[in-house]
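To start, the structure itself, in structure tokens.
To find a chain, count down the sequence lines: A is the first, B the second, and so on, and within it residues start at 1. We use all heavy atoms of the structure for the numbers below, so side chains are in, but hydrogens, waters and symmetry mates are not. Here the structure is a predicted model, which means the values were calculated and not measured.
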Protein chains: 2
Amino acid sequence: MTLKELSDLLGLSPTTVSRALNGYPEVSEATRIKVAAAADAHGYAPNTRARALATGRAMAIGHVIPISAKHEMVNPIFADFTAGAGEVYSRNGYDMLMSVVSDQNEKQAYRSFATKRNVDGLIIHAPSLNDERIPFLNDLGLPYVVHGRSSRATAPYAWVDVNNTRAFRRATELLLDLGHTRIALLNGLEHMDFAARRRAGYEAALTARGITPDPALMFSAEMTEAQGHDLTRPLLATSDRPTAILVSSMIMAIGVRRGIEELGLTMGRDVSLITYDDDLSYFRNGSDIPVYTATRSSVRQAGQHAAQLLIDIINGNDSPSELLLEAELTLGTSTGPNRKS
Amino acid sequence: MTLKELSDLLGLSPTTVSRALNGYPEVSEATRIKVAAAADAHGYAPNTRARALATGRAMAIGHVIPISAKHEMVNPIFADFTAGAGEVYSRNGYDMLMSVVSDQNEKQAYRSFATKRNVDGLIIHAPSLNDERIPFLNDLGLPYVVHGRSSRATAPYAWVDVNNTRAFRRATELLLDLGHTRIALLNGLEHMDFAARRRAGYEAALTARGITPDPALMFSAEMTEAQGHDLTRPLLATSDRPTAILVSSMIMAIGVRRGIEELGLTMGRDVSLITYDDDLSYFRNGSDIPVYTATRSSVRQAGQHAAQLLIDIINGNDSPSELLLEAELTLGTSTGPNRKS
DNA sequence: ATCGAAATCCAAAGCGCTTTGAGTGTCTCA
DNA sequence: TGAGACACTCAAAGCGCTTTGGATTTCGAT
């Protein structure tokens, strides 16, 4: 069913039908209702491609999912972020276009979006400290929003981020308050901005209490279950082992816990643990009582915010284009007072 | 840069330029090279929307991601499946269109894809035993591939699935061989086809050894960490507790393990555990030695196969449209002989 | 020299929609 | 009664591409 067929059916011109459906004022309410009814009855919806061509707007947002060639990894938070963003897109009539590329080809994917003109905007993920995508995209001229920040970027850009520094500072302070002084940090890869900020928060809290951060207690790795486990085992086997561990992701924390228990130790008693929790839908932190003490911020909500911000930018509503979300610190059973001192 | 601009630049007609770029034989090799070079130099790529309108092909595949309204859950395997499918799409010049909708609106999302004509095909996930989407999509006339099967569907459809029955039958047999007779099953929701098949495999193995499946040992729930834990606790608190547990997902298994250890029991010694492992990239089963004994099948590869199959169907290459993948059974440290008998 | 096929290239139509600019009635007020 | 204002509606152009059906040139063969 095309517009022309529908208009023939109604004995109207395509113009009028189009205007009726798109809510233009030049058409009477009576015909509008008639047209809408007929469209509904015959299951008519405008052909996206033709409409996009005519209006110059693709009504689609692009997401580039880079796959690390080394580890064949998909960022686990991606599904929930996507879900959040997707809801907002649907609500606003936008489609979500996903491009899965190996991380070397990422820029090419952005360029391709721009030249093929099949999206009106982009969301980019996981920025590094000085992310080269930002100047690149500024040149490209396609609206975009960054999920996260890039501390050393000089050009302006729109972003939605969590206050990672504050979150890790508070988590560290909690552990200090519980009497822990040897606190390990199992962080994500620190060329990533979020990880650098988390480390800064951790170090700031220690320094403020007169403790010099010990490089032997700080680790930076991919945030997998296996890494969590593999880093924890040797760490806890030393004589002056830490009494508390700060972990950058739930998934990694699962591995840490596995390591703790393999050594016959008990989490929350022998070793305290605080983790960052992205509130992933399939991995909620316990059912009633949280298992892990955690700083939590919903990545799904971040997705909603980022999507809304991008749509605002595309529509030219220049509301503030930066949004800093706060994580909340929730007590679980994984922390307790230091018993070793 | 449009085709017209490029052709003006080259002193050729748009026709010739278009043909040169699309590899039609009516253009000399010399001009083809010249055109390609110019296109490259000026960063020209055909406008997707215009091309789609002209060719009648959207060069895009739709995925509908239903969000369970009740639990606000995103299927965790979705990210990896998507990654696999996305690779194949990219390689073949297809875009991936994602539509996130609450599960009540799912059909509407398919219909919208069909009427708006912005995709050439669909992939659908998580079919139930008698999935109503199959007749619905057959009517709709948009090519599609099902990830999974729908046992009670009468109409034919293309699918890619894992041999769930066989996988669970083999896993159960392994436990039986180890002397376990009271084997619990923590399954996914059994209106889902995959879960029903897994249960069938489990029951078949038991029955073949003369053991009547005990309803008190069979559970069907959402496959979250919390559910795994919450089901395990009371299960292992009974006097005639099972000595082995078969679990339908790694994530759930993590929760089961937590339950086991909270009770002071040791996995692999006091309780054996076998889990189904989708080989999720962020949740590999241990680094060197697998932690869990598991039946594994890569959901990412399933994504690749499904995407390829769909593209084949769209292109009219009618290769066989059904693909059954086998899961492999890998020994980890979570299983051991029954010590209780 | 001439013809026909092969090799190139092009003009123009068309994909299905939006939107501009104009046209036709109908109403209101002088 | 006539003129202007208003409410509707429409024809046609245009978005950027592909593709049909010709037109032109080249060249070996007659």
Could you tell me the separation between the [atom1] atom of [X] and the [atom2] atom of [N], rounded to a whole number of Å?
X        : N      : atom1 : atom2 : result
A:Arg49  : C:dC15 : CZ    : P     : 13 Å
A:Leu12  : C:dG23 : CG    : C1'   : 16 Å
B:Lys116 : C:dC15 : NZ    : P     : 22 Å
A:Asn47  : D:dG16 : CG    : C1'   : 14 Å
A:Leu3   : D:dC10 : CG    : P     : 12 Å
A:Arg32  : D:dT9  : CZ    : P     : 10 Å
B:His42  : D:dG16 : NE2   : P     : 18 Å
A:Lys4   : C:dT18 : NZ    : C1'   : 16 Å

Quiz item: Are the side chains of A:Leu324 and A:Arg149 in touch, meaning some heavy atoms are under 4.5 Å apart?
Solution: yes
Self-check item: CZ on B:Arg91 to CD on B:Gln304, rounded to 0.5 Å
Solution: 6.5 Å
Self-check item: 5'-most by nearest nucleotide on DNA chain C - A:Ala50 or B:Thr31
Solution: B:Thr31
Exercise. Would you mind telling me which residue lines up with the more 5' stretch of DNA chain C, B:Leu53 or B:Gly11, judged by nearest nucleotide?
Key: B:Gly11
Quiz item: Salt-bridged, B:Glu87 to B:Arg300, with N to O below 4.0 Å?
Solution: yes
Exercise. State whether the side chain of B:Thr48 and the backbone N or O of A:Lys116 hold a donor-acceptor pair below 3.5 Å, judged by distance alone.
Key: yes
Quiz item: Is B:Ser150 reaching over with its side chain to a backbone N or O of B:Ser128, donor-acceptor style, under 3.5 angstrom?
Solution: yes
Quiz item: Do A:Tyr24 and A:Arg32 have side-chain atoms, one donor and one acceptor, less than 3.5 Å apart?
Solution: no
Exercise. Between protein and nucleotides 19-25 of chain D, map the contacts as a letter string: B base, S sugar-phosphate only, - none, heavy atoms under 4.0 Å, written 5' to 3'.
Key: BBB----
